[in-house]
Protein chains: 2
Amino acid sequence: MPETTPRVLIVGAGAIGSFYGAILHRGGAQVEVVSRSEADVIRDHGFRLHSRDMGDLTFRPAAVHERVEDVAEAPDFVLLSVKVLDDLDRAALIRPAVGPKTVIVLVENGIDIERPIHEAFPDNPLVSGLAFVAVSRTGKAQAEHKAYGRLVIGEYPSGAGNAAERLSALLTAGGIECPVSGNLVTERWRKAVWNAAFNPVSVIAGGATTTTILDAPGGEDFMVTLMQEVCDVAAAAGHPMPEELPVKSIGGTRKMPPYHNSMALDYLNGRPMEVEAILGNVIRAAESHGVDVPHLESVYRVTKMLQNRVATEG
Amino acid sequence: MPETTPRVLIVGAGAIGSFYGAILHRGGAQVEVVSRSEADVIRDHGFRLHSRDMGDLTFRPAAVHERVEDVAEAPDFVLLSVKVLDDLDRAALIRPAVGPKTVIVLVENGIDIERPIHEAFPDNPLVSGLAFVAVSRTGKAQAEHKAYGRLVIGEYPSGAGNAAERLSALLTAGGIECPVSGNLVTERWRKAVWNAAFNPVSVIAGGATTTTILDAPGGEDFMVTLMQEVCDVAAAAGHPMPEELPVKSIGGTRKMPPYHNSMALDYLNGRPMEVEAILGNVIRAAESHGVDVPHLESVYRVTKMLQNRVATEG
């Protein structure tokens, strides 16, 4: 097979999507994007990205499409990095751009978020990615990369296949770490142990920082209890976690300065929250495996009430 | 014993305290009040109270004291209706006004709130009261009575003694229902079934109304679960509740228009919340009786985190 320049289409070019787009661009890919609302800005200036570690990452995509339907020829990779929300059919969103050989790449939060994509495109390679990156949007088509960048990827439902290796090579050439895992779903559960506990709790605690959560009376024990329940579900789903993970995670969190996680920021800024992807799917996995998770369930129910308040009371 | 006009001292003359003060005044008592911040207004105008059902209840107290220490002669009744908060020693607050025969009356929310008063004044009759009243403060020494008014009272730790009967006679003469219960603590648990569940949940759901809580996905079932846990604790503490109470309470709540309970209003207005009196004491009762309450405990922990957020993040 002749070496041609791989074409990557970024769907959801927010801070994360445009950051990995820039890395792929640096790695030699031909990067195109879909953006409904910012197409003009991107065409005029490209994506303006500044990285504290890597300097200027500004790049101009090879093409800017206003709708996925406008993509004439299926790309080699579709990188999807939109929020996973109840009212968004992500499979329908990308369908117009997915050809028979297109690799679908998910750089998104949550548990079990691959399932609907895999069911919609059972014959396409599906690469699932976990981003460990601090990057913030600072304006239209503009972002600041503050720290980290590692993307852990693997094929879904499991394995470290050719598609993941090709993507890893591009991202590594672009300057970030991109390890390929044969058990990406296990990695996803490992990340969920923290996220499913801390993200919704920070929201229903009024948009609290990690430090405020841990400093409340009984706070550390409660977070360990929640994380242990996630571990119980992960184990029942075939992804056992190290026994000491919850306590170690508290220690790691304690070492960081107080900060608002992504869901807390969404809440405080009035943006939609990925409650189902991050916690609801853990609850459903618990139900389907018969695992009792009363503390997680309580957090989930109150978080849904708060979503209902925002929706109905404003 | 000759019939003399009974003297009642109101400590905590907010909406509830001044409403029952007005009723006692109408019932023939000599009502005095303690008010640090509003003494001048009360001396000038009295308490201005309007009742939708009973008309004008405005009254001028027989004496207005700025501090409890200023009360020269111990009254027949001290009616305490301050919020039950961690940093307020209620026994120390009333001690200067409590004589050997003074009846102490608590018109306050929560579970086990009598214990510290009973321990501090073991020889004084202690009357505990549960107010079923909708009355709101509308300004300095000014309130609006919207509905209800019933005060269920009983002696603590149990019994329907002479002190409760005397108080009931005054309040009944003043125009409200005041049944005397021989098992006031049981009545308090019955009220706690709703309060311990709905009050903190409304807060951590962002200050939500009852309707928003019940309309969220799984909302009704979750509130029943919480109320059932309160019933389990009540039963272990010797106060068994009717089996159908949680489900019936949901039905009753459904029949009312959407509303913010007292803790939700405190939260939304930035006022201190009675988390320990209303829920923390239920959790401690569960612990001391070995009852498992994972859902209530979760709600409690998150509510404490939110309090910590308000205190530290502002």
Side-chain angles (χ1 to χ4, degrees), chain A residues 86 197-198 200-226 228-229 258-260 264 267-268 270 273 275-276 279-280 283-284 287 292-314, chain B residues 86 197-198 200-226 228-229 258-260 264 267-268 270 273 275-276 279-280 283-284 287 292-314:
Chain A
D86 302 2
F198 273 89
V201 164
S202 68
V203 169
I204 59 179
T209 67
T210 45
T211 304
T212 298
I213 288 169
L214 295 176
D215 282 350
E220 286 199 4
D221 285 351
F222 182 63
M223 298 315 293
V224 167
T225 300
L226 290 175
Q228 188 54 55
E229 287 185 354
Y259 77 101
H260 288 113
Y267 172 62
L268 292 168
M273 300 183 287
V275 179
E276 296 306 331
L279 178 55
I283 300 290
R284 279 178 283 277
E287 280 166 6
D292 198 29
V293 291
H295 300 86
L296 280 180
E297 191 210 342
S298 300
V299 168
Y300 175 61
R301 288 297 163 208
V302 177
T303 308
K304 298 303 286 180
M305 290 171 180
L306 186 140
Q307 281 193 310
N308 191 35
R309 188 194 65 70
V310 172
T312 60
E313 299 181 41
Chain B
D86 302 2
F198 273 88
V201 164
S202 69
V203 168
I204 58 179
T209 66
T210 44
T211 304
T212 298
I213 288 169
L214 294 176
D215 281 351
E220 285 198 5
D221 286 351
F222 182 62
M223 297 315 293
V224 166
T225 299
L226 290 175
Q228 188 55 56
E229 288 185 354
Y259 76 101
H260 288 114
Y267 171 63
L268 292 168
M273 300 183 286
V275 179
E276 296 306 330
L279 177 55
I283 301 289
R284 279 179 283 278
E287 281 166 6
D292 198 30
V293 292
H295 300 85
L296 280 180
E297 192 210 342
S298 300
V299 167
Y300 175 61
R301 289 296 163 210
V302 177
T303 308
K304 298 304 286 181
M305 290 172 179
L306 186 140
Q307 280 194 310
N308 191 35
R309 186 194 67 68
V310 172
T312 61
E313 298 181 44

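As the structure is a computational prediction, the values presented were derived from the model and not from experiment. We name chains A, B, ... by the order of the sequence lines, and we start the count at 1 in each one.
In this structure, the side chain to side chain contact (heavy atoms under 4.5 Å, CB included) partners of B:E313, at least two apart in sequence or on a different chain, are A:A208, A:T209, A:T212, A:H260, B:R309. Considering only residues two or more places apart in sequence or on other chains, B:E297 meets the salt bridge (Lys or Arg N to Asp or Glu O under 4.0 Å) condition with none of them.
Counting heavy-atom pairs under 4.5 Å between each of B:T312, B:I213, B:T211 and chain A puts B:I213 at the top. With chain B as the partner, the residue from A:G219, A:P258, A:P217 showing the most heavy-atom pairs under 4.5 Å is A:P217. Chain B forms more heavy-atom pairs under 4.5 Å with one residue of A:A311, A:A205, A:A216 than with any other, namely A:A205.
Taking each heavy atom of B:L306 and A:I204 in turn, the nearest pair found is CD1-O, 3.6 Å.
Between the CZ atom in A:R301 and the OG atom in B:S298 there is a gap of 13.0 Å [rounded to 0.5 Å]. Between the CG atom of B:D215 and the CE atom of A:M305 there is a distance of 10.0 Å, given to the nearest 0.5 Å.
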